[in-house]
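Since the structure comes first, as structure tokens, the remarks are kept for the end.
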Amino acid sequence: MDIFVGSLPFKLKEKELKELFEKFGEVTSAKIVKSKSTRQNKGFGFVDMPNEEEVRKAIFELNGFEIMGRNIEVSLSEKKDKSKAKSTKAPKLNSQGKLFVKDTYKPFKGIDKRGKR
DNA sequence: GATGAGCGG
């Protein structure tokens, strides 16, 4: 389960990020995106957790968690699809992976009006 | 060397 973590402090390290998520469950891998050589870290990272339930707790608890005087944002990653996307048509979460959203999903209705004649 | 919305290998 890939988790996107944003608003990370530049002082934060992958190890700390990993431990931060390990407090809520098992963390397979944690990485922080940054430039090649320079210290220009993008300020966001990714955490991989095998247990989905722990992922929920981690996201729920770490989303907006204040660390180093900075609040971090945690959510499910949308890109980087490791699997081949079998055909999960009934996800527990929304398509965006927002756990807090209740029912903001509005399918398009009546977009096709059938041309004249 | 600093930077603050963003999805990396």
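To find a chain, count down the sequence lines: A is the first, B the second, and so on, and within it residues start at 1. When reading the values below, keep in mind they use all heavy atoms of this one structure, side chains included, and skip hydrogens, waters and symmetry mates.
Closest approach to the A/Ser75 side chain among B/dG8, B/dC7, B/dG6 is made by B/dC7 (side chain taken as heavy atoms from C-beta onward). Listed candidates were B/dG6, B/dG8, B/dT3. Nearest to the side chain of A/Ser77 is B/dG8.
Put simply, A/Phe44 does not rest on the base of B/dA5: the two rings are not both less than 5.5 Å apart at their centres and under 30° in tilt.
When all heavy atoms of A/Phe44 and A/Gly6 are compared, the pair lying nearest together is CB-CA, 3.7 Å. Between A/Glu54 and A/Glu26, the shortest heavy-atom contact is OE1-N, 2.8 Å.
Here CD1 of A/Ile67 is found 6.0 Å from CD1 of A/Ile72. Values are rounded to the nearest 0.5 Å. Atom-to-atom distance recorded for A/Glu22:CD and A/Leu17:CG is 10.0 Å, nearest 0.5 angstrom.
As rounded to whole Å, 11 Å separates atom C1' of B/dG9 from atom NZ of A/Lys34.
Legend: residues meeting salt bridge (Lys or Arg N to Asp or Glu O under 4.0 Å) with A/Lys11, ordered by chain and number and at least two apart, are absent.
Looking only at distances, a side-chain donor or acceptor of A/Asn63 sits under 3.5 Å from a matching main-chain atom of A/Val74.
Taken residue by residue, residues 6-22 of chain A places heavy atoms nearer than 4.0 Å to DNA chain B at A/Gly6, A/Ser7, A/Leu8, A/Pro9, A/Phe10.
Glycosidic conformation of B/dG6: syn, with the torsion inside 90° of 0.
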